[in-house]
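Below is one structure, written out as structure tokens, with a few remarks after it.
What you are looking at is a predicted structure, and each value in this text was computed from that prediction instead of being measured.
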Amino acid sequence: MDLDLLNETACAMVAPGKGILAADESTGTIGKRFASINLDNTPDNRRDWREMLFRTTEAMSERISGVILYDETIRQKAADGTPLVKLIQDAGSIPGIKVDTGAKPLAGADGEMITEGLDGLRDRLADYFELGARFAKWRAVINIGQGGDDGVPSQYCINTNMHALARYATLCQEASIVPIVEPEVIMDGDHSIERCYEVTEFALKTLYRELFDQGVVLEGTILKPNMVISGTTNGERAGVEEVADMTVQCLANCVPAAVPGIAFLSGGQSDEEATAHLNAMNANYELPWPLTFSYGRALQAPPLKAWAGKAENVAAAQAAFDHRAKMNGLAALGEWEAEMEKELA
């Protein structure tokens, strides 16, 4: 374990005005996104899409601190033979890797999930380090019961997922790879923002107890949480200021100041909604850690639509990616304004 390298990498991942591009979609997930633009889900098309993003110089060099990759992508080469990892490194960004193998139904807990992937992880991490990865990601999935069902999530679900996250984090640090710990409370459902707060607080407090118990060095970690937000089908969804206030309050109650930074997931929010929420937190509060973004769809949806799988659209797609990266980079500084969204038009 190289503690200096872990801390140096973690701090670089949350550098001012920069955030993380989540490009770690599985083959199945990216296939669904390609279907929206009527594009075949082939290895070459997946390579071309990701290569186009990684070659977007302005976004990658100025706004993207790190890129989370999928196992296929970290081994893939661009059309000219350059490893995609090298494209990321040449842009001044840090390659990372998703190492969990997905969320599966949790035995004995109807409607709840457990993330798998610990078997063989030590050897996979050593391989990924040699391939250039300097951080990793593991996502736990926490559902909230609908219709006022307070039994979901269960303590059993929270405990097993946070224990697995801590085991993963320990193995990452042993390999000198920074673990992103991601306890995602899913926003799907009819729950209130208050219920999201309760569940998020429960998950985070359990997570940090497990990390402490398993000897994880917090200075070499990054937290990737959900924002505290109303369920998608709740008829009275909280506004931007309330989301920012409750999210900051929850984090302040749960996250030690030793953590180098927090990079939010978008969790299904619209592009501008995720940006507005992040900006409100940074503009209105003094915090012990940097708050930035680790977005997938909220960074990729506009360029994917602009690209549509056609070579003649590459410049437009890269401009769309530049714009979204810039907007979120400004939000990470608390300097975004809604009027700026018109700049690309």
Give every donor-acceptor pair under 3.5 Å between a side-chain atom in residues 248-267 and any protein atom, sequence neighbours left out.
from : atom 1 : to   : atom 2 : distance (Å)
N253 : ND2    : Y197 : OH     : 2.8
N253 : ND2    : Q249 : O      : 3.4

Counting only N and O atoms by type, is there a donor-acceptor contact under 3.5 Å from the side chain of [X] to the main-chain atoms of [Y]?
X: T101; Y: E116; answer: yes
X: T115; Y: R139; answer: yes
X: T73; Y: L69; answer: no
X: N282; Y: A331; answer: yes
X: N234; Y: H191; answer: yes
X: T247; Y: V228; answer: yes
X: K224; Y: S294; answer: yes
X: N284; Y: A280; answer: yes
X: Q300; Y: A22; answer: yes
X: T9; Y: L5; answer: yes

Do [X] and [Y] have side chains that approach each other closer than 4.5 Å (heavy atoms only, starting at C-beta)?
X: F202; Y: Q155; result: yes
X: L106; Y: M113; result: no
X: I94; Y: F135; result: yes
X: L131; Y: V85; result: no

Any carboxylate oxygen within less than 4.0 angstrom of a Lys/Arg side-chain nitrogen, looking at [X] and [Y]?
X: E8; Y: R134; result: no
X: E273; Y: R237; result: yes
X: R124; Y: D127; result: no

N41 and side chain to side chain donor-acceptor pair (under 3.5 Å): which partner among K32, R46, R33? R46
Let's go through Q269 and H277 carefully: what are the C-alpha distance in whole Å and the side-chain angles of both, what is the deciding distance for side-chain hydrogen bond (donor to acceptor under 3.5 Å, both in side chains) to 0.1 Å, and is it a yes or a no? CA-CA 10 Å; Q269 299 176 63; H277 287 148; 2.7 Å; yes
Counting only heavy atoms not in [X], do more than 12 sit closer than 6.0 Å to its [atom1] atom?
X: E312; atom1: CD; result: yes
X: Y156; atom1: OH; result: yes
X: D40; atom1: CG; result: no
X: D119; atom1: CG; result: no
X: K86; atom1: NZ; result: no
X: R47; atom1: CZ; result: yes
X: D110; atom1: CG; result: no

Among I229, I144, L204, whose side-chain contact (heavy atoms from CB on, under 4.5 Å) with V185 holds? I144
Kindly indicate, with the supporting measurements, whether the criterion side-chain hydrogen bond (donor to acceptor under 3.5 Å, both in side chains) is fulfilled by D322 and T56. CA-CA 7 Å; D322 271 337; T56 307; 5.6 Å; no
To the nearest 0.5 Å, tell me how far [X] [atom1] sits from [Y] [atom2].
X: L304; Y: S36; atom1: CG; atom2: OG; value: 5.0 Å
X: L291; Y: M227; atom1: CG; atom2: CE; value: 8.5 Å
X: R55; Y: I88; atom1: CZ; atom2: CD1; value: 11.5 Å
X: I20; Y: N328; atom1: CD1; atom2: CG; value: 12.5 Å
X: L87; Y: L53; atom1: CG; atom2: CG; value: 11.0 Å
X: D190; Y: T233; atom1: CG; atom2: OG1; value: 5.0 Å

The test is side chain to side chain contact (heavy atoms under 4.5 Å, CB included); show your working for I74 and Y128 and say whether it passes. CA-CA 8 Å; I74 200 171; Y128 289 139; 4.1 Å; yes
Geometric class of the W49/F34 ring pair [parallel <30°, tilted 30-60°, perpendicular >60°]: perpendicular
Going through the checks in order, is the side chain to side chain contact (heavy atoms under 4.5 Å, CB included) test met by C157 and I142? CA-CA 8 Å; C157 171; I142 309 297; 4.1 Å; yes
Do R297 and D271 pass the salt bridge (Lys or Arg N to Asp or Glu O under 4.0 Å) test, and can you show the C-alpha distance, the side-chain angles, and the key distance before you say yes or no? CA-CA 8 Å; R297 192 210 52 76; D271 312 332; 3.1 Å; yes
For side-chain hydrogen bond (donor to acceptor under 3.5 Å, both in side chains), just list the numbers for E51 and Q76, CA-CA rounded to whole Å, side-chain angles, deciding distance to a tenth of an Å, and then say yes or no. CA-CA 10 Å; E51 177 182 350; Q76 221 165 16; over 6 Å; no
Verdict with reasoning, V178 to C172, per side chain to side chain contact (heavy atoms under 4.5 Å, CB included): CA-CA 6 Å; V178 171; C172 284; over 6 Å; no
Decide yes or no on salt bridge (Lys or Arg N to Asp or Glu O under 4.0 Å) for E341 and R324, but give the supporting numbers first. CA-CA 9 Å; E341 293 293 346; R324 281 269 47 90; 2.9 Å; yes
Contact summary for I177 and F129, nearest pair of heavy atoms: CG1-CD1, 3.8 Å
For E112 and S154: C-alpha separation, side-chain torsions, deciding distance, then whether side-chain hydrogen bond (donor to acceptor under 3.5 Å, both in side chains) applies. CA-CA 8 Å; E112 301 192 273; S154 63; 2.8 Å; yes
